[in-house]
Amino acid sequence: MAMEKDCVFCRIAAGEIPADRVYEDADNIVFKDIKPAAPVHLLAIPRRHVAKLSDCGEGEGELLAGLLLAAGRAAKAQRLGDFRLIVNNGIGAGQTVFHLHAHILAGARMSEKLL
Ligand code: 5GP
Ligand code: ZN
């Protein structure tokens with residue numbers, strides 16, 4: 001498994017940094033965001049290090065499909081009901097952790113439409 005030693009999400013995946021995990025499978029982990037921006041705020045990450053969505057190509061097709069499936073399964077397991085997925089791609093879009101992740105947001109504020 002590709003692991004970047006200075007990547008906080010690789011370190012979470014490796015168990016070196018604790019995280020409140022709510023779902024995991026062979027290729028993905030879903031855990032609570034340390035600084036929630038919504039009543040429910042989870043992060044879905046692939047175990048394999050990929051810096052950002054725009055770095056992905058044909059070879060990452062399965063990884064991306066698996067990440068979306070994991071996000072949906074985690075939301076179902078957590079009985080979130082309706083939720084929103086957000087992927088920030090690049091500094092200009094607000095990405096601060098350069099290990100691909102999807103934010104899963106749910107709760108009261110999700111009734112406000114952002115887009
Ligand atoms: P980005 O801004 O890159 O789209 O999202 C990164 C997210 O990771 C932020 O919402 C931030 O709160 C969260 N985060 C950063 N470091 C940690 C950490 O060590 N543990 C957890 N659980 N979340 C983190
Ligand atoms: Zn990483």
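Both ligands and their constituent atoms are indexed starting at 1 by order of listing.
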> Would you compute the distance between atom CG of Asn28 and atom NE2 of His101 and round it to the nearest 0.5 angstrom?
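Spacing of CG (Asn28) from NE2 (His101) equals 14.0 Å.
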> Among all the protein's non-hydrogen atoms, which is closest to atom 1 (P) of ligand 1, and how far away is it?
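For this ligand atom, the closest protein heavy atom is His101 NE2, 3.1 Å.
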> Considering only the protein, which heavy-atom contact is closest to atom 19 (O) of ligand 1, and what is its distance?
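Scanning the protein heavy atoms, the shortest distance from atom 19 (O) of ligand 1 goes to Val8 CG2, 3.6 Å.
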> Does any N or O in the side chain of Arg47 come within less than 3.5 Å of the main-chain N or O of Asp25, such that one atom is a donor and the other an acceptor?
yes
> Can you measure from CG (Leu63) to SG (Cys56) and round to the nearest 0.5 angstrom?
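Interatomic distance, Leu63 CG to Cys56 SG, rounded to 0.5 Å: 6.0 Å.
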> Does ligand 1 come near enough to His41 that some N or O of the ligand is less than 3.5 Å from an N or O of the residue?
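Such a contact does not occur with ligand 1.
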> What residue and atom, counting heavy atoms only, is the protein's closest point to atom 9 (C) of ligand 1, and at what distance?
Asp33 OD2, 3.3 Å
> If you measure from CD on Glu60 to CG on Asp55, what distance do you get to the nearest 0.5 Å?
8.5 Å
> I need the atoms of ligand 1 closer than 4.0 Å to a non-hydrogen atom of Phe9, numbered in the order shown.
8 (O)
> Taking 4.0 angstrom as the limit and counting only heavy atoms of Gln95, give me the atoms of ligand 1 inside it, by number and element.
3 (O)
> Quick check: of its N, O or S atoms, which one does His49 have closest to the Zn ion (ligand 2)?
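Output for this pair reads ND1.
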> Under 4.0 angstrom from ligand 1, any heavy atom of Phe98?
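Under 4.0 Å: no for Phe98.
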> Near Lys35, which atoms of ligand 1 are under 4.0 Å from a heavy atom of that residue?
12 (O)
> Of all the non-hydrogen atoms in the protein, which one sits nearest to atom 14 (N) of ligand 1, and at what distance?
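The answer is Ile34 CG2, 3.9 Å.
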> Minimum heavy-atom separation for Ala106 to Ala38, with atom names?
O-CB, 4.0 Å
> Grab the two heavy atoms, one from Ala51 and one from Gln95, that are nearest each other, plus how far apart they are.
O-NE2, 3.0 Å
> Does ligand 1 come near enough to Gly94 that some N or O of the ligand is less than 3.5 Å from an N or O of the residue?
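By distance alone, the answer is yes.
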> What atoms of ligand 1 come closer than 4.0 angstrom to any heavy atom of His103?
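Within the 4.0 Å cut-off of His103, ligand 1 contributes 1 (P), 4 (O), 5 (O), 7 (C), 10 (O).
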> Which of the atoms in ligand 1, numbered in the order shown and given with their element, are less than 4.0 Å from a heavy-atom of Phe31?
21 (C), 22 (N)
> How long is the gap from SG on Cys7 to NE2 on His99, to the nearest 0.5 Å?
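Reported value, rounded in 0.5 Å steps: 5.5 Å.
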> Tell me the closest heavy-atom pair linking Ala44 and Val30, and the distance in Å.
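Taking Ala44 first and Val30 second, the nearest heavy atoms are CB-CG2, 3.8 Å.
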> Please find the N/O/S atom of His99 nearest to the Zn ion (ligand 2) and write down its name.
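The His99 atom nearest to the Zn ion (ligand 2), restricting to N, O or S, is ND1.
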> Have a look at Phe31 and tell me which of Ile12, Val22, Leu42 forms a side-chain contact (heavy atoms from CB on, under 4.5 Å) with it.
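Result: among Ile12, Val22, Leu42, Ile12 is the only option passing the side-chain contact (heavy atoms from CB on, under 4.5 Å) with Phe31.
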> Using a 3.5 Å distance criterion without hydrogens, assess whether the side chain of Asp20 forms a donor-acceptor pair with backbone atoms of Lys32.
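No; judged by distance alone, with no hydrogens or angles, the pair does not exist.
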> Identify, by atom number and element, the atoms of ligand 1 in contact range of Leu43, meaning under 4.0 Å from any of its heavy atoms.
8 (O), 13 (C), 23 (N)
> Does any N/O atom on Val97 come nearer than 3.5 Å to any N/O atom on ligand 1?
yes
> Measuring from non-hydrogen atoms of Ile12 to any atom of ligand 1, is the shortest distance under 4.0 Å?
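Under 4.0 Å: yes for Ile12.
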> Answer yes or no: does an N/O atom from Thr96 fall short of 3.5 Å to an N/O atom of ligand 1?
yes
> Just let me know how Asp20 lines up against ligand 1, side chain, backbone, both or neither, with a heavy-atom cut-off below 4.0 Å.
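Contact part for Asp20 vs ligand 1: neither.
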> Please check if the side chain of Asn89 supplies one atom and the backbone of Ser54 the other of a donor-acceptor pair under 3.5 Å.
yes
> Using the rule that Ile, Leu, Val, Met, Phe, Trp and Tyr join whenever any side-chain heavy atoms are under 4.5 Å apart, tell me whether Leu105 and Leu85 fall into a single cluster.
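No: no chain of side-chain contacts under 4.5 Å links Leu105 to Leu85.
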> Considering only protein heavy atoms, which is closest to atom 22 (N) of ligand 1, and at what distance to one decimal place?
Lys32 O, 2.9 Å
